[in-house]
Amino acid sequence: MYWSELFIPTLRDDPAEAEAVSHKLLVRAGYIRQLAAGHYSMLPLGQRVRSKVARIIEEEMDRIGGQRFHLPALHPAEIWKRSGRWDVMGDEMFRLVDRKGADNALGMTHEEVFALLATELFSYKDLPQIWYQIQTKFRDEPRPKSGLLRVREFTMKDSYSLDVDETGLGEAFDRHHGAYLRIFSRLGLHVVDVEASSGAMGGSGSIEFMVRSGAGEDWIVTCDGCDYRSNLEKATSKLATVEDADTVPEPSRFGTPDLHTIKALAEAFPDIAAPDRQIKTLVYLIDDEVTLVLLRGDHDLLEQKLIDATGGIKVRPAQPEEIVAALGAHPGSLGAVGVTGLRIVADHALSGRRGMTTGANTDDWHLRDVDVERDVAVDTWASLRTVRAGESCPNCDGQLDLWKGIEVGHIFKLGTRYSEAMNALVQDESGASLPIVMGSYGIGVERGMAAIVEASHDERGIVWPVAVAPYEVVVTVLRPDDEAASTAARDVYSGLTDAGVEVILDDRAERPGVKFADAELVGFPYRVTVGPKGVANGVAEVTRRAGLETVEVALSDVVDHIVTAVERGRGG
RNA sequence: CGGGAUGUGGCGCAGCUUGGUAGCGCACCUGGUUUGGGACCAGGGGGUCGCCGGUUCAAAUCCGGCCAUCCCGACCA
């Protein structure tokens with residue numbers, strides 16, 4: 001292709017609205033344009049990268065036996081009602097009413113539709129199956145941001161494994177795990193696979209694939225001593241033990257006027273109310289049920305852990321009035337001692353603790369000498385607290401590190417929730433009907449693109465890996481009006497084209513500086529520079545985008561030189 | 001949804017305090033000179049000043065409402 005004929009609208013300035021590097025560069029280099037918050041048009045260069053990413057995903061899915069489908073994006077409400085997710089998904093699902101007055105939704109994921117198709121599987125002999133598609137998803141994100149990193153409309157490769165039992169699911173899960181590692185490696189992404197929360201998907205286990213980046217929105221915990229790694233939402237750590245007295249008397253009240261925070265109480269009563277000696281009592285409404293959430297005074301709740309521990313769908317902190325109605329006191333004087341009739345969820349760090357201090361459920365009064373197991377009717381023990389950097393690894397003596405990552409993929413063991421809802425059953429050897437055991441696996445295509453840019457750029461622009469670059473090579477003619485240079489450049493161009501290299505000829509009537517700057521901004525992996533002086537000497541220059549080192553190559557060898565380099569790069 | 005900010009040719013911005021003629025840089029068009037790191041000269045085209053309403057002889061500018069976008073917190077590929 002000739003650059004002079006293409007639509008590559010590069011900009012000299014960063015768009016004012018962009019913050020994330022990938023957002024700035026993809027807009028500036030002419031890959032994308034925003035239509036609305038969270039909706040981006042893919043320009044020709046963007047579309048080329050997008051389809052290359054999708055192609056790599058497709059190849060690796062096919063390699064593990066995946067069969068590609070294409071499902072509707074618009075779904076009748078009925079299937080979502082059957083799975084129960086019509087209500088669960090809340091405002092995140094785009095909903096619309098058609099001319100008949102029927103409710104519809106734009107698909108945010110496709111478990112329901114695939115499970116429905118799986119009702120045409122009848123025998124265990126039909127399993128296993130891996131089904132997938134690469135398709136547009138719609139999610140009414142409360143806050144789209146950072147260009148392609150978080151949007152409301154995006155392309156997802158979503159696959160679904162169908163197995164007769166948990167063992168089969170485990171195998172399909174592992175195969176996807178391997179395929180995902182290969183995909184991200186081919187995309188040039190260094191991913192870390194971490195334990196993760198399953199969130200609204202449900203199921204028994206999930207792994208996320210994270211790319212380390214300051215633009216990421218997830219916190220990842222890794223150990224410096226072993227291979228422990230986890231999303232913060234799932235992470236645990238070993239805590240230093242706190243020495244408590246062997247026995248403590250019955251709890252007793254003491255006045256604490258105007259002491260409404262952990263810190264204030266600790267300062268006023270340092271010997272009995274150090275933060276790690278207090279019980280923090282939070283009040284939550286979990287599916288409209290008032291629930292007390294107990295943590296050690298110096299710990300912070302991680303809400304997703306509470307959701308995972310309770311299976312709640314609608315989870316929110318209680319309003320002050322609701323708290324007073326439930327406990328008879330205001331925040332700052334709350335506690336769980338003697339409370340009956342309310343669900344109590346407590347963090348493991350409180351287990352076995354004695355001599356604790358907590359609110360007395362009377363304003364301005366606290367209780368001391370609390371023995372958690374003796375005095376509090378805990379219904380559920382769970383890991384609820386937020387792990388902090390520097391704490392000890394749960395599996396070894398190492399220290400935990402905390403960093404931000406971009407979630408580029410997520411795989412879930414779903415189980416039978418959707419197959420049961422859709423009545424997707426198969427008969428086993430004995431003739432008994434069993435629900436198909438499902439897994440679900442997702443990769444965000446455009447987010448993957450953005451993650452590559454986040455991870456691979458310099459001050460001049462994008463540095464694409466060969467495997468996903470919109471074109472592999474740009475041939476830059478320094479003087480298109482010089483016949484010798486122009487002819488030599490066209491020869492290189494057609495030689496590369498004939499050799500199957502994706503090449504673009506920068507034949508624009510621009511000065512060299514403009515062409516170099518654009519080539520580097522756009523990020524072609526290789527540049528062949530052809531100018532009158534070089535041509536007179538029978539040479540061109542080859543510049544690798546990563547590192548920008550330049551070598552002089554005889555014109556007669558340029559095609560071979562590039563073909564070798566590009567072929568090495570294509571494998572990822 | 002809570003908090004903060006912004007909306008002026010395609011992009012980046014000034015003008016608004018103190019109402020009256022909409023301006024600069026880049027990009028674009030024409031001609032010329034230039035040509036190995038975002039050239040120069042001359043001429044030129046393009047703007048409902050986010051939208052609606054109000055105040056006023058007169059509104060980009062003042063007032064009210066709405067909308068949109070971005071950033072920070074609660075959600076996710």
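All heavy atoms count here, side chains included; hydrogens, waters and symmetry mates do not. Numbers restart at 1 for each chain; the letters A, B, ... are given by sequence-line order, proteins then strands.
Out of B:rU35, B:rC75, B:rG38, the shortest distance to the side chain of A:Val514 is found at B:rG38. The A:Arg143 side chain lies nearest to B:rC71 when the options are B:rG37, B:rC76, B:rC71. The nucleotide whose nearest atom lies closest to any side-chain atom of A:Pro142 is, among B:rC75, B:rU35, B:rG12, B:rC75. Distance from the side chain of A:Asp518 is smallest to B:rG38 among B:rG38, B:rG12, B:rU35. Distance from the side chain of A:Phe516 is smallest for B:rG36 among the nucleotides B:rG36, B:rG38, B:rC76. For A:Glu541, the side-chain atoms get nearest to B:rG36 when compared with the rest of B:rG36, B:rC28, B:rC75. Set against B:rC11, B:rC76, B:rG38, the side chain of A:Asp13 has B:rC11 as its closest nucleotide. Closest to the side chain of A:Gln304, out of B:rC28, B:rC76, B:rG38, is B:rC76.
For B:rU69, neither phosphate oxygen OP1 nor OP2 lies less than 4.0 angstrom from any side-chain nitrogen or oxygen of A:Lys145. Taking only side-chain nitrogens and oxygens, A:Arg511 comes nearer than 4.0 Å to OP1 or OP2 of B:rA39. Taking side-chain N and O atoms only, A:Gln34 has no distance below 4.0 Å to OP1 or OP2 of B:rA68.
A:Arg95 forms a cation-pi arrangement with A:Trp86, by the criterion of a distance under 6.0 Å to the ring centre and an angle within 45° of the ring axis. Relative to the six-membered ring of A:Phe173, A:Lys413 meets both conditions, a distance below 6.0 Å and an angle of at most 45° to the axis. Geometrically, A:Arg48 engages A:Tyr471 in a cation-pi contact defined by less than 6.0 Å to the ring centre and at most 45° from the axis.
Remark: the separation of the C1' atoms in B:rG19 and B:rU61 is 6 Å, to the nearest Å. Spacing of C1' atoms, B:rG50 relative to B:rA68, comes out at 7 Å, to the nearest Å. Taking atom P on both nucleotides, B:rA22 is separated from B:rA5 by 31 Å, rounded to a whole Å. When the C1' atom is compared between B:rG53 and B:rC40, the two are found 50 Å apart, to the nearest whole Å. Taking atom C1' on both B:rU48 and B:rC67, the two are 16 Å apart, rounded to the nearest angstrom. Between B:rG45 and B:rC52, the two C1' atoms lie 31 Å apart (nearest whole Å). For the C1' atoms, the distance linking B:rG64 with B:rC28 amounts to 40 Å, nearest Å. With C1' as the reference atom, B:rA27 and B:rG46 are 12 Å apart, rounded to whole Å.
Taking atom CD1 on A:Ile207 and atom P on B:rA77, their separation rounds to 14 Å, with Å as the unit. The nearest whole Å value for the distance from the NE2 atom in A:His110 to the C1' atom in B:rA77 is 14 Å. Rounded to a whole Å, the CZ atom of A:Arg150 is 10 Å from the P atom of B:rC71. Atom CD in A:Glu92 sits roughly 16 Å away from atom P in B:rC1 (whole-Å rounding). Remark: C1' of B:rC75 and CG of A:Leu149 are 16 Å apart, rounded to the nearest angstrom. Residue A:Glu141 contributes atom CD, which lies 14 Å from atom P of B:rA74 at whole-angstrom precision. What separates CH2 of A:Trp219 from C1' of B:rC76 is a distance of 17 Å, to the nearest Å. Protein atom CG of A:Asp91 is 15 Å distant from nucleotide atom C1' of B:rC76, rounded to whole Å.
Using a 4.0 Å heavy-atom criterion, one finds that A:Asp481 contacts the bases of the nucleic acid, with or without backbone contacts as well. Within the nucleic acid shown, A:Val408 comes within 4.0 Å of sugar-phosphate atoms alone, with no base atom in reach, counting heavy atoms only. Within 4.0 Å of A:Arg508, counting heavy atoms only, lies no atom of the nucleic acid at all. Among the atoms of the strands shown, only primed sugar atoms or phosphate atoms (P, OP1, OP2) are found under 4.0 Å from some heavy atom of A:Pro15. In this structure, A:Arg33 reaches neither bases nor backbone, as no heavy-atom distance under 4.0 Å exists between it and the strands shown. Within the nucleic acid shown, A:Asp218 comes within 4.0 Å of at least one base atom, counting heavy atoms only.
Shown here are the side chain to side chain contact (heavy atoms under 4.5 Å, CB included) partners of A:Val290, two or more places apart in sequence or in another chain: A:Val283, A:Leu285, A:Ala326, A:Leu342.
Of the residues in residues 35-55 of chain A, those lying under 4.0 Å from RNA chain B by heavy-atom distance are A:Ala36, A:Ala37.
Scanning atom types as modelled, no donor and acceptor separated by under 3.5 angstrom connect the side chain of A:Asp14 and the base of B:rG12. For a distance-only test at 3.5 Å, the side chain of A:Arg28 qualifies as a donor-acceptor partner of the base of B:rG38. Residue-to-nucleotide contacts include no donor-acceptor pair under 3.5 Å from the side chain of A:Glu520 to the base of B:rG38.
Between A:Tyr180 and A:Phe209, the two ring planes are tilted [angle within 30° to 60°]. Taking the six-membered ring where tryptophan is involved, the planes of A:Tyr40 and A:His23 are perpendicular, since the angle between them exceeds 60° and thus also 30°.
The six-membered or imidazole ring of A:Tyr160 lies away from that of A:Trp131, with a centre-to-centre distance of 6.0 Å or more. Outside the 6.0 Å centre-distance limit, the rings of A:His260 and A:His330 are not counted as a close aromatic pair.
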Step-by-step salt bridge (Lys or Arg N to Asp or Glu O under 4.0 Å) determination, A:Glu59 to A:Arg55: CA-CA 6 Å; A:Glu59 285 172 9; A:Arg55 177 71 192 153; 3.2 Å; yes

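For A:Gly531 and A:Ser146, each mapped to the nucleotide of RNA chain B holding its nearest heavy atom, the one lying further toward the 5' end belongs to A:Gly531. Both A:Leu478 and A:Leu11 sit near RNA chain B, but only A:Leu11 has its closest nucleotide nearer the 5' end.
Within 6.0 Å of CG on A:Asp481 lie more than 12 heavy atoms contributed by other residues, nucleotides or ligands.
Between A:Arg182 and A:Glu60 there is a salt bridge, since at least one side-chain N of the basic residue sits less than 4.0 Å from a carboxylate O of the acidic one. Here A:Asp14 pairs with A:Arg28 in a salt bridge; the nearest charged N to carboxylate O distance falls below 4.0 Å.
Proximity of A:Asp193 to A:His177: side-chain heavy atoms (C-beta onward) are separated by under 4.5 Å at one or more points.
Stacking of A:Phe154 onto the six-membered ring of B:rA77 is present: less than 5.5 angstrom between centres, less than 30° between planes.
Secondary structure note: stems in RNA chain B built from 3 or more consecutive Watson-Crick or G-U wobble pairs under 3.5 Å occupy B:1-7 with B:67-73, B:10-13 with B:23-26, B:28-33 with B:39-44, B:50-54 with B:62-66.
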